[in-house]
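In what follows, a structure is listed as structure tokens, so that the remarks can point back to it.
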Protein chains: 2
Amino acid sequence: MTTDRQPRATLRAVAEAAGVSTSTASLAFSGKGPVAADTVERVLAAAARLGYTGPDPLASSLRHGRSGVVGVIVEGRLLHAFRDPFAVSVLDGLSQVLDEVPAGMLLIAQHAGSPEKAIPQLAGTALDAVVFSLCGPDDNPAVDHLAARGIPMVGDGSPADERVVQLALDNRAGSAAVSRHLKDLGHHRVAHLMMPLRHDSPTGLATRTALDDAEFADSRDRALGFLDVFDDSSLMAQTSLPDVEQGAAAARLLLDRPPADRPTAVVAQSDLLAMGVVRAADELGLRVPEDLSVTGFDGVELPWFPGTLTTIDQHGEQKGRRLGELLRRLLDGERPQDELQAGDLRIGTTTAAPAQS
Amino acid sequence: MTTDRQPRATLRAVAEAAGVSTSTASLAFSGKGPVAADTVERVLAAAARLGYTGPDPLASSLRHGRSGVVGVIVEGRLLHAFRDPFAVSVLDGLSQVLDEVPAGMLLIAQHAGSPEKAIPQLAGTALDAVVFSLCGPDDNPAVDHLAARGIPMVGDGSPADERVVQLALDNRAGSAAVSRHLKDLGHHRVAHLMMPLRHDSPTGLATRTALDDAEFADSRDRALGFLDVFDDSSLMAQTSLPDVEQGAAAARLLLDRPPADRPTAVVAQSDLLAMGVVRAADELGLRVPEDLSVTGFDGVELPWFPGTLTTIDQHGEQKGRRLGELLRRLLDGERPQDELQAGDLRIGTTTAAPAQS
DNA sequence: GCGAGCGGTCGAATCGATTCGATCGAATCG
DNA sequence: CGATTCGATCGAATCGATTCGACCGCTCGC
């Protein structure tokens, strides 16, 4: 524990100590140009003696014009963003690819209610590229800022902007597929449980008109997919947060009614919401799937859930890796095409034909 | 969509366009020195004209010697690290404080099996400070590297090193407290379910001797707390990952035995493991808490769980904020004292007196 | 034996901003 | 009216590394 108030050793100091020029010392460290073996040794020895731990990343970055950092912009508080296992698996896949680039991931939280507040932070950080993932508002002031700085961006569908390379999921088709599955099973009274449509959405019943001023395209498109199969008069609810808690609260509004009115199935816009429905059903004494079929969206692991949820699998980890690939190509100077992925319908134990009534 | 292959505008270009020196332009932007109002205006106008988005963070950082980035080192894959809601809430609290500093959080995954692999990445990134959180091995090569670079570090108990400012939880006391709660209720046959003791721990039954070569101090200390109350002959199991899945697998080994042998309670080392126990109990037809009492550790939200878990609340978000405070002081040049926090016993609906037998 | 080529090394420019000290004109004070 | 001070601006050094072109002494080939 020496009180090391002396500034860190620099390459120049090492070069001097080794009796060579800084250029040579630099070459010796990076292993680029041709340097005599014993010179390298002398430099390395001097470095060890002075406690030099390698070139200062900041100086090196400045010269190269690369910081080795990729920004990941997430919506709202980390607590909410990462509560969803889907977000986490995307991030996990992304990190696998970025590890190889190599690049680090810098987390940047941006609240949908005041997206402009993140700009000063963005402006002050050296970023090689940015991923918009799990982050909602469709027009985002950060896009303008980053575009002006010439920083490449990838997104998962939003913000919808041609300057952002998109790896989107066909939300509408996926949602329609799972809805059709229920219809094929014979369900007619089917309710829809939506993720937030806006940053200030309250949990509660909703109608089709709510879609008109949706901020989040995911939620809107999944709702449209549902409405492609079931009609506008279907019971719908939205939530303030896409978590189990709010899912259960909204599900109670959908399910707590006389049997003749009660939906025989609920199409939830995420697996977490679906878990909320299951929980609410449980509280109301409804068995899944005998009394109520439930579907989710995302395809996350739900280890605490006995059984398997019927859902649309988005393959989060794979999606994260794909985002990473796009990023890698962007960093290499390419301009990859937008991509649209399809989700896979995965039938579990939470859906069945409705009871005869 | 202009093909902007022209390099970004620099401060110098702006200064020239405005007809002032770069020094003045810099002053105009930062608002430090005294600059005439109309000069500022001219500079700002020129900046707007050239599409200058403010000083390059890299250059600015180099000059200041601050990157505005704090590294967060997490154990293993993000997927596993963030599967645990406790980790997420700590991160959330941390981010709240760092937002104000301001500083960004750079995620760095470090596998316990080969911690040295993270060093090159560390060496290449400009970090103002580092948080070791949720990251296990007690001696970590990264500490040496970072110490040599003079980068301040905070940790949550591990790695145990005097160069790392610690904000630890009294794991042993917490674990003893929750164990004592069960003893007071009248339990005698109580089993203990442990998080991984080593990065290569298999899920399976274990004995006290397994503690001797534990890598992870948290797990070891919680086990010791349990053994402060119940004796060495107690049934114990460890897991390969601290998640619900492995918790359930290990719990089956503990519970699937004749009633006379079967523990009447399980002290799990984390809430997620406890959920695994609940799930295994369910499968075996055991009611909680009538047939089996279950306790956890951490105090996370378990929205899908009907009822509340008896646990030790670590106040994750608050802990994250406290870590942030320590970091802030470290960045200000202080050298804060280590801190030891206590967890709070929170009694839920998963513990009760054992059935008369 | 002489020029081409090459391995090894170095000097200097550069990346883009910040900041200290110097300068200069104008206003203030005695 | 001369001396002092203050406000505004600028020049130059600096942060720490990377890299291009130049240079020097050898060896090899013709």
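Side-chain atoms are counted along with the backbone in the values below, which use heavy atoms only and exclude waters and symmetry mates. Here is the naming used below: chain letters follow the sequence lines, and residue numbers restart at 1 for every chain.
Between B/Arg163 and B/Asp144 there is a salt bridge, since at least one side-chain N of the basic residue sits less than 4.0 Å from a carboxylate O of the acidic one. Ionic pairing of B/Glu325 and B/Arg322 is not present here: no N-O contact between side-chain nitrogen and carboxylate oxygen is shorter than 4.0 angstrom.
Listed in residue order, the members of residues 42-70 of chain A having a heavy atom less than 4.0 Å from DNA chain C are A/Leu62, A/Arg63.
Distance CD (B/Glu16) to C1' (D/dC10): 14 Å, rounded to an integer number of Å. Atom CZ in B/Phe29 sits about 9 Å away from atom P in C/dA17, given to the nearest Å. The distance from atom CG of B/Leu27 to atom P of C/dT19 is 9 Å, rounded to the nearest whole Å. For the pair A/Lys32 NZ and C/dT9 P, the computed distance is 18 Å after rounding to whole Å. Between the P atom of D/dT9 and the CZ atom of B/Arg12 lies a distance of 20 Å, rounded to the nearest Å. Atom CZ of B/Arg8 is separated from atom C1' of C/dC15 by 13 Å (rounded to the nearest Å).
B/Gln110 and B/Gln121 share no side-chain donor-acceptor pair at under 3.5 Å.
Dashed line: the shortest gap from a side-chain N or O of B/Ser21 to OP1 or OP2 of D/dG11 is not under 4.0 Å. For B/Thr22, no side-chain nitrogen or oxygen approaches OP1 or OP2 of C/dA17 to under 4.0 Å.
Comparing atom distances between the A/Ser26 side chain and each of D/dA8, C/dT9, D/dT19 picks out D/dT19 as nearest. Here C/dA12 is the nucleotide among D/dA8, D/dC10, C/dA12 with the atom lying nearest to any side-chain atom of A/Ser23.
By the 4.5 Å heavy-atom criterion applied to side chains, A/Val97 and A/Leu327 are not counted as neighbours.
Here the side chain of A/Ser67 pairs a donor or acceptor atom with the backbone of A/Ala126 at under 3.5 angstrom. B/Glu116 places no side-chain N or O within 3.5 Å of a backbone atom of B/Pro141 that could act as its donor or acceptor partner.
D/dG16 and C/dC15 make up a base pair, with Watson-Crick or G-U wobble contacts both under 3.5 Å.
The aromatic rings of A/Phe29 and A/Tyr52 sit perpendicular to each other, their planes meeting at more than 60°, with 30° as the lower class boundary.
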